[in-house]
Every structure is written in C-alpha cells, then in structure tokens.
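The structure appears right after this line, and notes come after that.
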Amino acid sequence: MSAVSLKGVTKQFSAGVVALDGIDLDVEPGEFVSLIGPSGYGKSTLLRIIGDLTKPTAGTAQVNGKPADRARRDHEYGIVFQDAVLYDWRTVAKNISLPLELLRWSRGRRNARVKDMLELVELTGFEGHHPWQLSGGMQQRVSIARALSFSPTLLLMDEPFGALDEMTRERLNSELLRIWQETSSTVVFVTHSIPEAVFLSTRVVVMSARPGRVAGVVDVDLPQPRTSTTREEPRFFELVTQVREQLAAAGAPLGETQEPALVEEPL
Amino acid sequence: MNTIVQPMPRSVGRQIGRTALDWFPALAVFAIGIGAWQGLVTAFHVQEFLLPRPTSIAHAFWMQKSALWSEGIYTFKEALGGYALGSGLGIAVALVFAAWRPLAGAFMPYAVAANAIPIIAFAPIMNNWFGLLNPFSKMAIAAVLCFFPVMINTLRGLTSVHPSSIELMQSYAAGRLSLFRRVRIPNSLPYMFTGLKVATVLSMIGAIVGEYFGGPIHALGVKILNDSSYGNFTDAWAGIVMASLLGIVFYAVVALAERLTTSWHPSARAFQTE
C-alpha cells in the first residue's frame, strides 16, 4: 500500500488558472520525495490536496490507502509550513502538545511525549520559552516536533526552510534526515532549492508550470546516511545538474524558481 | 546560530529605578502644567469663577473628600454596571459575528448606527424609561457607549487569524469550537483589551452625562451640575478631579489585567526583554 497515491489530480482555480493537470504520483512508505518546480502555487496546492486542506477539481488522492479526507480525520499526517505557525500565547512545550490535546491524550502522556520530541529536535531546556524568544531555525524545529508529536506515518512539508539563511538551512537539512530515519516516516517535501531537494530526497519529482504536470522524476541514489561531505561528491553535482536540466526542459527560468504562493481563502 | 533572546533577570532595585525613570517625563509635565496654571491665574488675577487656582481646587477637594468619595463611588458603580453590561454584550456579539459571518453582514450596519447615537440625546430617554433615581438608567447609557469599541475590536481580533493557523487546525481535524478556543479567542485578547481600555473612560463619561439630566443628589454628576449652577466653580472642579481620578484608576486596573493575561504579546515584550 502506497503512503500517498494520486490519480489524475487536477486543480482549477475559479479564475480559470489550471494549477495542476492530471497528476499521477505514488509515494511508497519510507520514501523521501521532493516536489520541485518553477512556480510556487502548483506544488503547494498538490501538498494541500494530499493533506485534504483543499479539494482537487478532478482525480483522487489517497493517504495510506484511505481517501484524503478520511486520512486527515484519522490524523495520518503531520504538516510543516514555511512559517512555523507557532502560537505566541503557548510555550514551546504547549505548542508541541497542541495536536496531542486535540487527540485527548492524558497530561502525563503528553508531557512524556513532549520531552521525547524536544530531545529529537535537540531543544531540550527550551520547553518553557515562548516562540518569539527563539531564532527562526529553532522555531521551525518546534514546528517539526509538533508535526511528529502524535507519530503520524506521513510528514508533509511546504518549503519549511525557505525563509532561513543558507547555513541554518543546511544544518536543518541534516537534522531532518536524521529525524526521518529515526522515526522511519514518509516525507513529501516541497522546495524551490535544487541542492536541498537532491540532498534530502530518495526521489525528486520535477514539475512544470501552467498547467502543473509531472515533467520528470530523478531517482537519487546517493548513499545513506548523508552528511555534509555528500554535498561535495561528484554524484551529488551530477544529480543537481540532472534536476536543473529537467527543470529547464519544463520551462522554468533558471535561477528564479520562486513565485508567491496562491492560497485559497480559508474555509 | 543558536542565538536566543532570553528574558534577563533583573534586580528589584534596578527595576524600581527604571520604573521611576519611565514615569519621570510624565510627572515632570504634570508638575510644569500645574505650576504654569497656578502662576498664570495668579499673575493675571483671573476670576475664581472663570478658572480657579489649582491650590483652591486642591483645598476644596480636601475639605469635601469624604462626600466626594461617596458620590464618586456611587457614580462609579453605575459606570461599572454599564461597563460590564456593554462590554459583556460587545464580546458576546463579536463571538456570534465571528462564528456566523452572514449574521455580521446583516447586523453590522445597525451596530454602527447604534454607535452613532448622540449620547446626550439618548440620556433623557433612558432616564424616562428606567426612572431618574434608578441607577440602571445611567448604566444603560454607559453600556451603549461601551458596547461598540469592545465589539469592533474583539471581532477584529477573532477574525484576523493567519490562514496558516487555520490550515494547521484543519490538518488536525479540529472542530470549530476548538478553533475558537485554541486560536481565535487567544488571538483576539490583545484587540479586546484595546476596546476594554477605551470603554473604561467612556463608562465614566456615560454615567456622569446621564446624571446631568437628573439623578439622586448623592451622585457625582448631579453634584458637579449643582455646584456649577450655584456658582461654586471651585467645588465643581473638585468633582471633576474626583471623576478623573476614578477614570484613571479604572483604566489602570484594566491595563494591569491586560498585562497579566497577554504577557506573550509583542506590546508586553518590552517589559520582559532588554
């Protein structure tokens, strides 16, 4: 059973813009799949369809063999946005335990899990801090801890490190790989950074824009565990070049792959 | 990269010193203002009934302090009743509007219209409805004044939630009630307190304006009106000082409540970090 299964997923916005056109994609359990593409909205929209935060105009999305809406209600996935989306009125510990509260875990169980999660993202000692007392990178680690707190099998990430500086981003990339392996979860990761996609993924899905289609898939055969030296290997550069060429073939202006995300009005 | 802004431990002595320093400009302005008033009134021999000297007002205040206190408290109770009523209703209506947006569209124009009521015209009507001596007639006037700023600010706080926050709660399949309890209501608190602070002073004004159109003899507004009509302007000024003091204390209490409940908000952070 696939972790994520998309069949003919099409999304047309009311303005007539076709964001996605007939996307077929299967993600197997334990995979780390990156979606990379020239425009901001197609990839993010696809991620939101997997998470049942927006409905496709046509086609079906399944998570762990269930329809996406059922999977969302069963808490099959955790999500991380570009902004950490932490609540200022909650401490770090309380932010991490938010989904556990909603799942009606007992206080003792919540506290024990928060402690484990803080250890996982290496923020032990910061449980009593408020989000605004943390740096951007630390905030995003809290956000990851929250997404994984209830042990979902699938982690959806929407350009989670896009707003961070390069050094913090590379460090968090390595941390994310460690967390991915320790929790043996499946990750679907949206990014507009080619090196980031190659470094993290087992598979990179290259998307074209307007309409959004799967333009190509690059299997990343770099050995695990990947370290900072991985970025210096010839094979790494070959794969980066491969992704870049596929992006260029898909019509992406090189060097400029980011566009403001088009998000639907909240319900 | 692990840089972090920690709340700095600070000695109590330094804290007090700093607080005193923070207050110094305001106190200096107060002293200079009162001094100038006193000096100018004395130098130009301004008649007492036009503008009494601050020392005369202070003397009048001191001589009548127990009467002023009981009159002030009577009026303050009216203001407080109206404040509770108007603010409570304002918060409730904001919650209903935020939960059912079409309702807000249908009723918002009338809320705006209610806010446009000239309170001076409204006061005699309330006195007629509930009776001159019934404190509820003054509470109703204060309530009408308090309702709108509390409602409009609370509503803004409830609705100005970042779309990602809502998506996050959706991803956890959280219900509407949960979204309100965990996101919308905490998000609205700083906005709500802005309205609640404005309403403190408005409620005092409402109660006193109501008393101008008739009320029991032991009410502050009636006292100020009577003193003015008998030409005892210094005593009227003492009444005004009492009204202002009560308004300031009321405001300060609500501001303190705000500080305690929304210590996480950016506006309060200055007090926690250097």
Side-chain angles (χ1 to χ4, degrees), chain A residues 48 51-54 69-91 94-95 98-103 122-123 125-126 128-138 143 146-147 150 152 156 158 164-165 167-168 171-172 261 263-267, chain B residues 1-9 98-102 105 157-193 257-274:
Chain A
R48 281 173 168 77
D52 187 45
L53 298 175
T54 185
D69 60 335
R70 177 74 203 287
R72 178 174 65 91
R73 277 182 275 122
D74 287 353
H75 303 95
E76 296 281 350
Y77 73 87
I79 192 163
V80 177
F81 298 98
Q82 178 164 359
D83 295 329
V85 197
L86 301 174
Y87 298 139
D88 276 346
W89 50 88
R90 285 174 171 255
T91 58
K94 284 258 182 187
N95 266 292
L98 172 73
L100 308 179
E101 277 174 36
L102 293 164
L103 286 165
E122 294 173 350
L123 280 178
F126 289 97
H129 284 68
H130 279 270
W132 41 270
Q133 294 174 307
L134 307 180
S135 67
M138 293 167 93
S143 176
R146 178 182 57 194
F150 53 102
L156 302 178
D158 188 7
L164 303 178
D165 64 86
M167 274 165 47
T168 309
R171 207 165 42 81
L172 285 182
V263 184
E264 279 182 294
E265 286 280 289
L267 294 176
Chain B
M1 270 171 295
N2 273 358
T3 50
I4 167 156
V5 191
Q6 292 254 25
M8 297 235 182
W100 292 283
R101 300 294 171 85
L158 288 169
T159 51
S160 65
V161 174
H162 199 279
S164 301
S165 288
I166 294 169
E167 282 196 318
L168 183 76
M169 292 300 276
Q170 278 181 314
S171 83
Y172 300 137
R176 270 166 77 85
L177 205 65
S178 207
L179 182 66
F180 263 82
R181 215 185 94 193
R182 294 194 164 82
V183 182
R184 290 197 188 277
I185 291 174
N187 189 70
S188 78
L189 286 179
Y191 297 83
M192 189 182 86
F193 270 110
E258 175 188 37
R259 183 96 64 82
L260 294 176
T261 45
T262 62
S263 56
W264 46 266
H265 192 255
S267 63
R269 283 171 206 171
F271 300 102
Q272 295 184 26
T273 53
E274 288 275 28

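Note: hydrogens, waters and symmetry copies are ignored here, and every other heavy atom, side chains too, is used. Chain A is the first sequence line, chain B the second, and so forth, proteins listed ahead of strands; every chain is numbered from 1.
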**Q.** Residues A/Ile79, B/Leu168; criterion side chain to side chain contact (heavy atoms under 4.5 Å, CB included); working and verdict
**A.** CA-CA 7 Å; A/Ile79 192 163; B/Leu168 183 76; 4.2 Å; yes
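- Interface residue A/Arg146: backbone and side-chain heavy atoms are both found under 4.5 Å from chain B.
- The residue among B/Pro186, B/Gly175, B/Ala173 with the most heavy atom pairs within less than 4.5 Å of chain A is B/Pro186.
- Neither the backbone nor the side chain of B/Val161 has a heavy atom closer than 4.5 Å to any heavy atom of chain A.
- Salt bridge status for A/Arg73 with A/Asp52: absent, with no side-chain N to carboxylate O gap under 4.0 Å.
- The backbone N or O of A/Tyr87 sits less than 3.5 Å from a side-chain atom of A/Asn95, completing a donor-acceptor pair.
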query = Given A/Glu76 and A/Arg70, is the salt bridge (charged side-chain N to carboxylate O under 4.0 Å, His left out) satisfied, shown in steps?
reply = CA-CA 9 Å; A/Glu76 296 281 350; A/Arg70 177 74 203 287; over 6 Å; no
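- For a residue to count as touching a neighbouring chain, one of its non-hydrogen atoms must lie under 4.5 Å from one of that chain's; by this rule B/Ser178 touches chain A with the side chain only.
- Judged purely by atom type and a 3.5 angstrom limit, B/Thr262 uses its side chain to pair as donor or acceptor with the backbone of B/Glu258.
- Proximity to chain B is absent for every atom of A/Leu86, based on heavy atoms less than 4.5 angstrom apart.
- Each of B/Ala174, B/Ser164, B/Ser165 has some count of heavy-atom pairs under 4.5 Å with chain A, and the biggest count is that of B/Ser165.
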